[in-house]
Participant: 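Right, I'll just put the structure down here and ask away after.
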Amino acid sequence: MKLSVNALNSFYGPAHILFDVELDVAEGEVVALLGRNGAGKSTTFRSIVGLVAQRSGRIVFEGRDVTREPTHAIVRAGLGYVPEDRRIFTDLTVEENLEVGRQPPRAGAPQWTRDKLFTLFPNLGEMRSRLGGRMSGGEQQMLTIARTLMGNPSLVLLDEPSEGLSPKIVEQMAHAILTMKKEGVSILVSEQNLHFARLISDRVSIIERGRICYRGTMEELEARPDIRDAHLAV
Amino acid sequence: MSFYVVQFLSGLASAASLFLVASGLSIIFGVTRIVNFAHGAFYMVGAYLAYTLTEQLAGTFGFWAGIVLAALAVAAIGVVVEMVLLRRIYRSPELFQLLATFGLTLMVEDLVVLIWGPDDLLGRRAPGMRGAIDIFGQNLPTYDVFLIVLGPLVLGLLWLLFRRTRWGILVRAATQDRDTVAALGVNQKWLFTSVFALGVFLAALGGALQIPRDAVNHTMDLRIIVDVFVVVVIGGLGSITGAFVAAVLVSELNAFGILVFPKISIVLIFLVMAVVLVVRPWGLFGKPEAPARQMPGLTVRPWRPLSVNERLAFLVLLIAAAALPLFAGNYVLTIGAEIAIFAIFAASLHFMMAVGGLASFGHAAYFGLGSYGVAMLAKFAGLPMVACLLLGPLMGLIGAVVFGWFCVRLSGVYFAMLTLAFAQIVWSIAFQWVEVTGGDNGMLGIWPDAWVATPATFYWLSLTVAALAVGGLRWLTFSPFGYALRAMRDSPLRSESVGIDGKRVQWAAFVVAGTVAALAGAMFVYLKGSVFPDNAGIALSVDALVMVLLGGVETVSGALVGAIVYKALAIWLVSYTELSKLVLGAIIVVMVVAFPKGLVGMWEVLQARYWPGATASGKARRAEVAE
């Protein structure tokens with residue numbers, strides 16, 4: 001397994017948010033974590049990269065237990081994280097934003113350069129010295145993914161990449177994610193949009209109220225409209 | 001005309017050092033969010049070290065090597081301070097950080113006197129720059145020309161550093177969003193350490209470069225830090241360009257203010273600062289801050305009025321305190337009165353901080369106004385003591401009404417800095433308006449009326465006033481006004497949405513706290529028989545803060561305990577050791593790091609852990625402790 005998460009419990013102050021969450025991602029796989037707003041998707045991701053202080057459980061990345069490691073060390077081990085709210089540095093230009101994400105090349109992970117990323121996201125290439133604060137939501141979403149790829153991760157946590165984007169940009173995003181997969185990046189992606197998840201994922205886990213309540217392949221989920229309606233439909 | 005040109009250029013030269021120190025403070029604040037009070041101390045140590053090194057190293061090269069080596073050495077000290085102290089308090093509330101670095105400043109002040117002695121030291125003149133150049137018939141020292149060039153040069157170098165290097169880009173990114181920088185694989189710890197080192201280097205360089213212009217002494221830290229606060233607040237915290245522009249502005253105001261308004265030159269700068277803050281609360285070049293960080297968990301324990309038993313216990317304690325004159329001598333009684341007066345002062349600040357969430361760094365202003373109010377009434381109007389005690393604090397009330405109106409418009413660090421600025425205005429008026437206040441010589445010979453002239457009777461009076469003041473503030477805390485105030489502290493937005501006029505409530509609290517502080521100041525005059533500008537000084541403001549913190553910010557009346565312990569400790573220290581500042585500073589630092597909840601807060605935690613059944617809410621407390 002590339003990444004396995006066992007018995008993950010997380011808390012914000014006295015509030016218990018995640019209950020024994022189990023997840024795994026195999027080499028080269030795209031796994032979707034589906035769930036409604038507030039189900040615990042972002043908390044799961046933030047817990048995996050160590051941004052939630054109060055948590056228990058075990059997180060193993062490439063055979064190494066990273067549960068107790070600080071965020072920057074987990075990320076440097078090759079586990080990239082793309083936050084849901086994008087967190088673009090608005091005072092920095094596109095190129096400077098990419099520079100913040102840059103890490104040395106890593107054995108066993110695809111290597112990304114600025115030019116390669118500008119090919120993947122052509123829009124970014126046209127606005128290299130634009131300030132992050134002056135970009136549209138879709139452009140910012142591309143930049144935040146590109147910024148994480150600059151760290152040459154072997155696995156990326158993508159938190160709701162399609163959220164709030166126009167259909168045309170969503171399509172570009174799906175294309176970009178499939179390219180990343182083809183290059184050899186394993187991906188754990190959270191989504192509310194089943195249609196989008198269908199385009200990109202191999203396997204699916206559904207989270208509700210902080211608990212994983214379903215797991216299977218994309219095809220299996222397609223065959224179970226009852227599950228879909230119970231846990232995902234609005 | 002030429003005189004004004006030279007005056008202007010000399011102002012520019014003074015701006016150089018100010019800019020170096022201020023930019024260092026700004027850079028550190030940008031990334032670590034710590035307002036480093038110890039920045040003045042680093043500036044001072046830079047000057048002292050440069051003095052020693054330039055004395056030892058000969059020749060032109062030796063002089064400049066000495067300056068740079070001094071700055072580097074201080075930067076190395078800064079690294080140690082960051083790793084040992086600051087890393088422990090990055091997540092603490094701003095006020096704790098200000099206090100911890102202030103404690104450090106106190107320690108350094110005593111240490112430099114230990115090492116270099118208390119006298120002014122005159123440093124070497126810069127080799128090759130001893131002359132002056134002629135500008136339209138007026139002399140401008142060559143060294144000033146060097147400084148005028150140096151300022152923009154450093155600004156340019158810093159600009160390159162932050163725009164053209166990876167380190168600079170990381171620092172700018174961290175200034176905006178630390179967590180995301182970590183989530184991109186950057187080790188924040190070393191980024192913070194290196195930023196702190198750079199900031200301290202700049203401060204120390206600023207100090208080292210002053211030695212050919214000014215004597216080195218052990219009070220230069222507080223002088224510069226107040227100027228630097230003003231500069232970064234005017235320029236905008238976190239902005240280097242802002243620091244440069246504001247440093248020039250402040251230096252020119254100094255240079256010309258002294259010509260136009262020699263009496264109120266200090267006031268002028270603070271007035272400019274107040275105007276800037278009201279028009280642009282985040283400074284000329286700064287950016288509006290995101291809403292202040294909430295501190296979840298700090299005030300989890302619900303406050304409640306005292307139970308009947310607890311009230312009885314307090315009454316017993318009060319009676320016991322009132323019995324003190326039966327077995328204590330005059331010296332102890334005088335100290336007792338002083339402690340009671342400081343309990344009033346601390347309680348007033350505590351009310352503002354704990355209930356109102358308004359952490360003032362200049363509470364001594366109102367203490368001082370109350371003191372001078374009484375002194376003027378007694379001296380110029382010849383009123384009897386009771387009338388003075390009742391009317392004198394009105395001056396503090398008026399001050400709080402005016403200053404408070406400005407202050408409550410701000411929050412967090414900016415609030416703290418503006419309160420400090422207003423306190424400095426009061427202090428400088430007291431200091432400069434010699435005809436009325438007597439300036440540094442103070443106003444003397446104001447003694448209580450015959451009926452409280454003995455230490456015992458004055459002690460009883462102080463105790464009574466203290467009991468009334470503390471009781472009154474407690475009563476206010478649990479009144480609807482107190483609830484509204486706490487609502488504003490915890491969630492300004494929600495309070496406004498249920499119809500609380502938040503700024504007005506905070507303003508009212510500011511005025512209440514200011515008036516009670518003025519009452520303490522008024523009593524203090526009769527205890528000492530005199531009043532001095534120090535009654536409104538920074539040191540006193542910080543004393544009050546330490547008392548509140550020592551008692552515990554999250555408690556209802558912790559300040560009482562804090563005032564008693566701290567004042568007794570301070571008096572004892574001054575009489576037993578020469579190095580009272582060193583010990584006091586160390587106590588402050590240890591307290592902030594080890595006991596952020598204060599003495600009463602710690603007592604409550606221990607109580608909850610070992611006697612969970614002792615109180616009604618014991619169970620809830622235990623749950624919290626376990627968590």
Side-chain angles (χ1 to χ4, degrees), chain A residues 11-16 45-46 48-54 69-104 106 129 131-133 143-153 156-157 159, chain B residues 30-31 87 90-91 159 161-193 236 238-242 285-290 294-302 490 619-627:
Chain A
F11 307 80
Y12 286 135
H16 195 166
F45 283 14
R46 291 173 54 81
I48 293 174
V49 289
L51 286 172
V52 176
Q54 294 172 276
E69 306 219 3
T71 300
H72 71 91
I74 298 177
V75 171
R76 276 199 193 175
L79 201 160
Y81 165 60
V82 179
E84 177 191 14
D85 41 3
R86 299 179 189 137
R87 300 288 191 108
I88 290 301
F89 301 111
T90 49
D91 297 342
L92 270 56
T93 64
V94 168
E95 291 200 324
E96 286 173 337
N97 265 282
L98 293 179
E99 176 63 29
V100 177
R102 185 169 64 83
Q103 294 288 335
R106 181 175 291 110
S129 42
L131 287 183
L143 179 56
T144 182
I145 295 177
R147 188 177 63 182
T148 298
L149 288 177
M150 283 296 282
N152 304 311
V156 172
L157 307 180
D159 202 354
Chain B
V31 176
R87 279 188 186 180
Y90 280 131
R91 301 276 168 193
W159 189 88
L161 179 67
F162 285 109
R163 298 283 152 172
R164 293 283 178 267
T165 67
R166 173 173 168 84
W167 183 83
I169 291 172
L170 291 181
V171 168
R172 280 163 57 218
T175 300
Q176 199 184 341
D177 185 347
R178 291 186 278 184
D179 280 350
T180 302
V181 171
L184 290 167
V186 176
N187 188 346
Q188 289 189 65
K189 271 190 185 167
W190 292 110
L191 195 60
F192 279 33
T193 307
S239 162
I240 299 171
T241 318
F285 289 80
K287 294 214 176 65
E289 283 285 301
Q294 285 289 328
M295 280 296 149
L298 260 184
T299 48
V300 174
R301 184 172 305 106
D490 293 338
K619 228 176 198 172
R621 291 185 190 184
R622 186 159 53 170
E624 187 208 331
V625 171
E627 185 262 307

Participant: What pairs with B:Arg87 under salt bridge (Lys or Arg N to Asp or Glu O under 4.0 Å), at least two apart in sequence or on another chain?
Facilitator: B:Glu82
Participant: Find out whether A:Arg147 and A:Arg87 are in side-chain contact, i.e. whether some heavy atom of one side chain is under 4.5 Å from a heavy atom of the other.
Facilitator: yes
Participant: With sequence neighbours left out, what residues match B:Phe285 under ring pair (Phe, Tyr, Trp, His ring centres under 6.0 Å)?
Facilitator: none
Participant: Counting only non-hydrogen atoms closer than 4.5 Å, does A:Val100 touch chain B with its backbone (N, CA, C, O), its side chain (CB onward), both, or neither?
Facilitator: both
Participant: If I compare all heavy atoms of A:Leu51 with all of B:Ala183, which pair ends up nearest, and what's the gap?
Facilitator: CD1-CB, 4.4 Å
Participant: Between A:Leu79 and A:Leu157, is there a side-chain heavy-atom distance shorter than 4.5 Å?
Facilitator: yes
Participant: Non-hydrogen contacts under 4.5 angstrom with chain A: give the residues of residues 186-193 of chain B involved, or none if there are none.
Facilitator: B:Val186, B:Asn187
Participant: By a 4.5 Å heavy-atom criterion (distance strictly below it), what part of A:Ile88 contacts chain B: side chain, backbone, both, or neither?
Facilitator: backbone
Participant: Mind checking the CG-CD spacing from A:Leu92 to A:Glu99? Nearest 0.5 Å is all I need.
Facilitator: 10.0 Å
Participant: In terms of heavy-atom pairs under 4.5 Å with chain A, which of B:Thr175, B:Thr180, B:Leu170 leads?
Facilitator: B:Thr180
Participant: Can you find a pair of side-chain heavy atoms, one from A:Thr71 and one from A:Tyr81, that are under 4.5 Å apart?
Facilitator: no
Participant: Which bit of A:Glu96 is near chain B, if near means a heavy-atom gap under 4.5 Å: side chain, backbone, both or neither?
Facilitator: both
Participant: Only pairs of heavy atoms separated by less than 4.5 Å count here; which of B:Ile169, B:Asp179, B:Val181 has the most with chain A?
Facilitator: B:Ile169
Participant: For residues 70-80 of chain A, pull every pair meeting salt bridge (Lys or Arg N to Asp or Glu O under 4.0 Å), keeping only residues two or more places apart or in separate chains.
Facilitator: none
